[in-house]
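The structure appears below as structure tokens.
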Amino acid sequence: MHFKFCPACGGALSAAAGPHHPQRCTSCGAEHFRDSKPCAGALVVRHGRVLLARRAIEPFKGCWDIPGGFLNEGEHPEDGARREIHEETGLRVRLGGCLGIYMDRYGGSDTAKWTLNIYYFAEPLDDTTPRAADDASELAWFAPDKLPPKMAFKHEDQVLADWRARVSSQ
Ligand SMILES: [Zn+2]
């Protein structure tokens with residue numbers, strides 16, 4: 001993501017010299033490195049079906065989404081994934097291994113910020129019925145062969161394809 005002004009002093013920032021170069025402040029000289037926002041989520045599975053949430057907010061309002069979200073400063077991705085699952089579904093989960101890491105942009109445009117998305121396997125700690133929070137209109141369990149045809153964020157289609165491949169190879 002490109003900024004116009006220096007977060008340290010408010011001075012104007014130069015354009016980056018290239019895709020892997022920082023933007024330099026023309027006033028204080030500080031260098032601002034551009035990076036991807038870290039996110040964590042989990043495939044919460046009960047009786048072989050995965051829990052998905054229908055988004056009640058933009059971007060991609062109305063589309064199905066894997067529970068997860070942005071990490072807080074200093075937060076371990078495992079803690080972030082458990083926190084987001086609890087906030088979005090009310091469930092307490094035990095995490096299994098990591099499914100993988102997926103790059104994407106937050107939104108449909110070519111200028112939307114990059115995200116680095118870490119996904120875990122997870123199972124609920126008890127039989128609590130999941131309850132949607134404000135940012136979801138609906139929660140539902142999906143069998144591997146009955147997944148939504150298109151997910152909110154592009155990388156989520158790949159996440160679910162990888163999950164389905166893992167499940168079918170077991
Ligand atoms: Zn500055």
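Start at 1 and go down the list; that is how both ligands and their atoms are numbered.
Geometrically, Lys154 does not engage Phe60 in a cation-pi contact, judged by NZ or CZ lying under 6.0 Å from the ring centre and within 45° of the ring axis.
Between Trp163 and Phe121, the ring centre distance reaches or exceeds 6.0 Å.
Distance CD1/Ile85 to CG/Leu51: 7.5 Å, rounded to 0.5 Å. Rounded to the nearest 0.5 angstrom, Ser36 OG and Met103 CE are separated by 3.5 Å.
Between Tyr119 and His155, the ring-plane angle classifies as tilted under the 30° and 60° cut-offs.
Applying the side-chain hydrogen bond (donor to acceptor under 3.5 Å, both in side chains) rule to Asp157 yields no partners; only residues at least two apart in sequence or on another chain are considered.
For the Zn ion (ligand 1), protein N/O/S neighbours under 2.8 Å (waters excluded) are Cys6 SG, Cys9 SG, Cys25 SG, Cys28 SG.
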